[in-house]
Amino acid sequence: MEISHFFTDADRYAKEDHIACSGQDEDHERYFGAVSAPIIQTSLFVQKNYQAYCDDMQHEAERFIYSRGLNPTVQMVEQKLAKLERGEACRCFASGMGAISAVLMANLNSGDHIILVNNVYGPAMALIKQMTRKFGIHYDVVLDGTTESIRAKIRPTTRVIYTESPGTMTMNIVDLSAIAELAKAHNITTVIDNTWATPLFQKPLTLGFDIVIHSCTKYLGGHSDLIAGAVITSQARMAEIRDFSHQLLGAVLSPFAAWLLLRGLRTLPVRMRAHQENVMQVIDYLKTRPDVENIRHPCMADDAQQTIIRKQMMGFSGLFSFEIRDGHFAAVKRFIDSCRLFKVGCSWGGYESLIISPNRGYNEPSLAADNIAPGLIRLSIGQESPSLLIADLDAAFTAIAGMRG
Ligand SMILES: Cc1ncc(COP(=O)(O)O)c(C=O)c1O
């Protein structure tokens, strides 16, 4: 499958994005010409005298005083991520969930209503349910993501529309500019978890969204060696998030994790290209298999979804799922255990290809209630040679031949 079929203008942001990821616009002289920025591993910045301290405290958000507030290594990453998302401001957090909880806590008061559009990351949903119980937040879920369905759920108390596109597991695409337009008309803040696409392949702020969240643990870090989150938005919105959820809840990023993230970002454009090329080849292979059904990846989208994809995306990443036809737990288990190159693991976005299934044997009844097929397999396609990945899957299909049904 040719990627040009989906994206006619995939490179429209490429030049600026390459510069933001590289060290090209970094001030090397500030650090003795070091081409790799140093890790400023300090909690505290001492001031030359008390008056300097008093002055800094008046401009706390922009000064290096204490690393829970601002740290130069963390700030370098934040500036790069803000550029990549075309946002005015970025703050990093200790995890993707730290970023999600900070945004929700800053934007919802008790009695407020939030609309969750599309299938969102399970723990984000679990957090909303906790906020319902603890703080009296109300929520509705709109799975089809159409503006008509969202409009029907808007209440006078609706403050936030929160989405993922593609949606977790289903990979359903929603029309981001249409949602942003609807939300603006009702003075509702729009939030998107953009982890799957990365800022290279989707820039929601340019489509009218207000706040973008990332789990940098995935593609942005890219090497399965850090946990981090980020929020990118306007200066005004960031002031509220910073003052309350960043400073007072305090789940901030450490300088060392920020440095790893900085290193990961250097290669983001080449890595994402490789993920995209590899996943397309693996899906082309899966499409030839009679024992595979329901491949869920945006490259398999129907015509209506393809129109939206062309409008708002610039590429595809490598996380997707498929079903073993007539699959069941024993077949899923043998399939996964027959893979040598694909490692068993629940995260994604790193070098190594990963495989898991929501089917753990003991939970088949609850999967059926959620309409999840027992033969569902999730793959994160990494950087290994696609022919080796395909050979690995081929051997796994051979291992389960005759086990279906
Ligand atoms: C879509 C999505 N958002 C957010 C998160 C949470 O990120 P973290 O694990 O860095 O807290 C994840 C983690 O898997 C995720 O898949």
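Just so you know, ligand 1 is whichever comes first in the structure, and atom 1 is the first atom listed for that ligand. Every value quoted in this text rests on a predicted model; they were computed, and no experiment measured them.
Taking a 4.0 Å cut-off on heavy atoms, Ala124 fails to register as neighbouring ligand 1. Taking a 4.0 Å cut-off on heavy atoms, Lys218 registers as neighbouring ligand 1.
Taking the ring axis of Tyr139 as reference, the NZ or CZ atom of Lys129 does not stay both within 45° of it and closer than 6.0 Å to the ring centre. Cation-pi geometry between Arg289 and Phe397 is satisfied (NZ or CZ under 6.0 Å from the ring centre, within 45° of the ring normal).
Considering backbone and side-chain N/O atoms, Thr168 never comes within less than 3.5 Å of an N/O atom of ligand 1. At least one N/O-N/O distance between Asp193 and ligand 1 falls below 3.5 Å. Note: an N/O pair closer than 3.5 Å links Met97 and ligand 1 by distance alone.
Counting the atoms of ligand 1 from 1 in the order shown, those under 4.0 Å from a heavy atom of Ala228 are 10 (O). Within the listing of ligand 1, atoms 8 (P), 10 (O) sit less than 4.0 angstrom from a heavy atom of Thr217.
Ring geometry, Phe64 versus Phe45: the interplanar angle falls from 30° to 60°, so the pair is classed tilted. Aromatic ring pairs are classed by plane angle as parallel below 30°, tilted from 30° to 60° and perpendicular above 60°; the pair Phe320 and Phe322 is tilted.
For atom 8 (P) of ligand 1, the closest non-hydrogen atom on the protein side is Gly96 N, 3.4 Å. Among protein heavy atoms, the minimum distance from atom 7 (O) of ligand 1 is reached at Ser215 OG, 2.9 Å. For atom 12 (C) of ligand 1, the closest non-hydrogen atom on the protein side is Tyr121 CZ, 3.3 Å.
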Original post:
Taking it one step at a time, do Phe342 and Leu389 satisfy side-chain contact (heavy atoms from CB on, under 4.5 Å)?
Top reply: CA-CA 7 Å; Phe342 283 89; Leu389 292 170; 3.8 Å; yes
**OP:** Report the C-alpha separation of Ile114 and His138 in whole Å, then their side-chain angles, then the decisive distance to 0.1 Å, and conclude whether the side-chain contact (heavy atoms from CB on, under 4.5 Å) test is met.
**Re:** CA-CA 6 Å; Ile114 174 170; His138 305 279; over 6 Å; no
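In terms of heavy atoms, Ile308 sits closest to Asp175 at CG2-CA, 3.7 Å. The two residues Gly221 and Leu261 make their nearest non-hydrogen contact at N-CD1, 3.6 Å.
Contacts between Pro123 and ligand 1, counted as non-hydrogen atom pairs separated by less than 4.0 Å, are absent for every part of the residue. At a 4.0 Å heavy-atom cut-off, ligand 1 touches Trp348 through the side chain alone.
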